[in-house]
Amino acid sequence: MARRLLSIWFPRLASDTSLRTRPLEGPFALTHRSGNADHLHCLNTAASAKGLTRGMALADARAICPDLATRPADLAREAAALASLRRWAGRYAPMVATDGVDGLMADISGVPHLFGGESDLRDDLQARLERAGLHAASAIAGTRGAAHALARHGGGIIADGRLAEGIGHLPVTALRVDHDTAEALARVGLSRIVDLVHLPRAPLARRFGPGLVLRLDQALGAQSEPVAAEPDAPHFGVRMTLPEPIGLQSDVMAGLARLLDRLCAKLAEHRMGARRVRLELRRVDRGTAQVEIGLARPMRDPARIAALFAKGVDEIDSGFGIDGLRLTAPVTEALAPEQIGGGPAIRHDDALADLLSSVGNRIGFDRVLRFLPATSLIPERSFLLAPAAYSTAEPIPYRAGSKRPITLFPPEPVTAASGTPPASFRWRRMRFTTLRATGPERITPEWWFDDPAWRSGLRDYWRIETQEGPRLWLFVTPQAQGWNGPQDANWYVQGEFA
């Protein structure tokens, strides 16, 4: 069986995609910023008719065509459109690969007879793309290089065994050589492919490089060039169509349980875990309802995920009934295989993750915070607050003699009696008597931060157990003591121990 390849070129893919959602009349172009100026990225037919070209500076284009309408280019959206077209082109070939950023290459060997021949296959392709509002050119040939070249120079079909005649009239730039090589060939009068076909390969390689000879031989079939289709990214979605409409919460949850078993099996197959799961319900009146949950950590346990859907499913208006369910995991993360029922530690982690998921779905995952240690001895800067769902718990590093209170607040002045530490003091209109004191722990301000609260200098911290019960964290600024010694020192309370 002769090898046959189909090349599809989309010269205006980005602009066609943009105009499909937001149509405009007249000249239109997408712009892309390069360096310090905007340049034309993709143009529609009307803009090209005005003499504008891709890569032209936007300022020059405005001077030529003042009524040019522009939008910023979205390269990610353009790549997604090409990926969608690659999946769609699977109707014509079992193997379809991308060919640059604006083309596709399909191996249609043994397929054309299903459409009535190569010409009918190509006509069907062109008609469908035209109805979709996409400009496209296509070509069929026995090699990838020949199909690529012909598609970008008018399109057509090259019969088997007639590659040299089919692409001989094309310029040498159609061989996918760089601009400098094409200019060097033109300077010696070799402007078309037919001028190169019968020349000896060794002199060509010495003068113009081995790349030219490789591309020429690939186009003529002397060198093989495979079509390697990229594997599709796994799609984590399952659906169910019901023979009879349902409306009870228990029925919806039963259908959800079946879908979750299939979805989690697919996640386990790819060693992934879901971070968000979306349930879409289709009503018989063609309306839709949606319930979406977030997960505090990657998960693929059907029972634990189903429990988080109960509240949202209970609030759904089923109307005249629900006849279809679709379950997807739009956000996933890698999750290695794990042992089931691995002991109290694992069960504790699961319970904590379920708690964070439940609370996060109610009030927002960004509002459920945890403390993380920070590399600072200053009490106010010794911890960080981070969303618990997007961070990992870290143990607080132990420092000998630096026990910290469970409650920390801005320093509050106290009226202290004489002594270090004071034998008694007044705080918040209450008098306390010191029963036991531990300290001092001296903390020096960080000189690279200008913190107004620490401009008084050194602090000596004491852990005070009072006769009245509270265990407080007091500090004194020794350099601020008066002429009479410690009795005039400035004492403050900054925390309370459990």
Side-chain angles (χ1 to χ4, degrees), residues 17 20-21 74-88 90 98 230-242 249 252-283 286-318 322-338 350 353-368 386-392:
T17 304
R20 285 188 69 189
T21 55
D74 188 344
L75 302 183
R77 182 181 180 184
E78 183 179 352
L82 186 63
S84 298
L85 287 168
R86 185 177 72 85
R87 292 191 294 270
W88 171 83
T98 56
E230 302 86 352
D232 290 325
H235 174 66
F236 299 109
V238 291
R239 65 175 65 218
M240 175 188 296
T241 301
L242 304 173
Q249 182 201 22
V252 176
M253 293 299 294
L256 173 64
R258 294 188 179 185
L259 292 177
L260 275 171
D261 289 338
R262 293 163 51 193
L263 178 64
C264 291
K266 186 178 291 188
L267 289 167
E269 180 183 353
H270 293 87
R271 296 193 174 189
M272 301 293 288
R275 286 301 297 263
R276 297 200 72 81
V277 184
R278 181 184 301 137
L279 174 64
E280 300 176 22
L281 305 173
R282 186 186 64 201
R283 297 194 291 258
R286 297 189 179 276
T288 59
Q290 180 175 299
V291 181
E292 185 169 341
I293 64 165
L295 299 169
R297 70 173 188 175
M299 190 183 302
R300 53 172 180 258
D301 187 332
R304 292 164 58 199
I305 297 176
L308 298 173
F309 273 102
K311 181 177 182 296
V313 170
D314 187 44
E315 297 173 352
I316 285 179
D317 179 11
S318 59
I322 295 169
D323 61 0
L325 295 84
R326 183 169 182 264
L327 189 68
T328 58
V331 182
T332 59
E333 291 183 10
L335 179 62
E338 57 185 6
D350 291 344
D354 292 345
L355 175 62
L356 293 177
S357 298
S358 179
V359 177
N361 281 296
R362 290 175 178 269
I363 66 175
F365 284 92
D366 292 336
R367 297 182 179 180
V368 183
Y390 311 119
S391 59
T392 304

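Any value given below was found using the heavy atoms of this structure, including those in side chains, with hydrogens, waters and symmetry copies removed. Computed from a predicted structure; not experimentally measured.
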Parallel under 30°, tilted from 30 to 60°, perpendicular over 60°: which one fits the rings of Y390 and F365?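 Answer is tilted, since the angle falls between 30° and 60°.
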Where [X] and [Y] come nearest, the two heavy atoms and their spacing:
X	Y	result
A81	T17	CB-OG1, 3.8 Å
M240	L242	SD-CD2, 3.6 Å
L356	A296	CB-CB, 3.5 Å
K266	G237	NZ-O, 3.4 Å
S357	G294	CB-O, 4.0 Å
L325	G255	CD2-C, 4.3 Å

Can you check whether [X] reaches [Y] side chain to side chain, under 4.5 Å on heavy atoms?
X	Y	value
L327	F309	yes
M272	L335	no
V313	M253	yes
R77	T21	yes
C264	I305	yes
V277	T328	no
R362	K311	yes
R258	L256	no

Hey, does the side chain of [X] reach the backbone of [Y] with a donor-acceptor pair shorter than 3.5 angstrom?
X	Y	answer
R275	L295	yes
T288	L281	no
S358	D354	no
Q249	A310	yes

Run R282 and D323 through salt bridge (charged side-chain N to carboxylate O under 4.0 Å, His left out) and show every step you take. CA-CA 6 Å; R282 186 186 64 201; D323 61 0; 3.1 Å; yes
Distance in Å, R278 CZ paired with E292 CD, rounded so as to fall on 0.5 Å steps: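 Rounded to the nearest 0.5 Å, the CZ-CD separation comes to 4.5 Å.
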Step by step, work out the side chain to side chain contact (heavy atoms under 4.5 Å, CB included) result for L259 and L263. CA-CA 6 Å; L259 292 177; L263 178 64; over 6 Å; no
R276 vs I293, side chain to side chain contact (heavy atoms under 4.5 Å, CB included): CA-CA, chis, key distance, verdict: CA-CA 6 Å; R276 297 200 72 81; I293 64 165; over 6 Å; no
Any chance CZ of R20 has more than 12 other-residue heavy atoms, nucleotides or ligands included, within less than 6.0 Å?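 No, not enclosed.
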Using the rule side chain to side chain contact (heavy atoms under 4.5 Å, CB included), only one of R300, R262, M299 pairs with L267; which is it?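 Of the listed residues R300, R262, M299, the side chain to side chain contact (heavy atoms under 4.5 Å, CB included) partner of L267 is R300.
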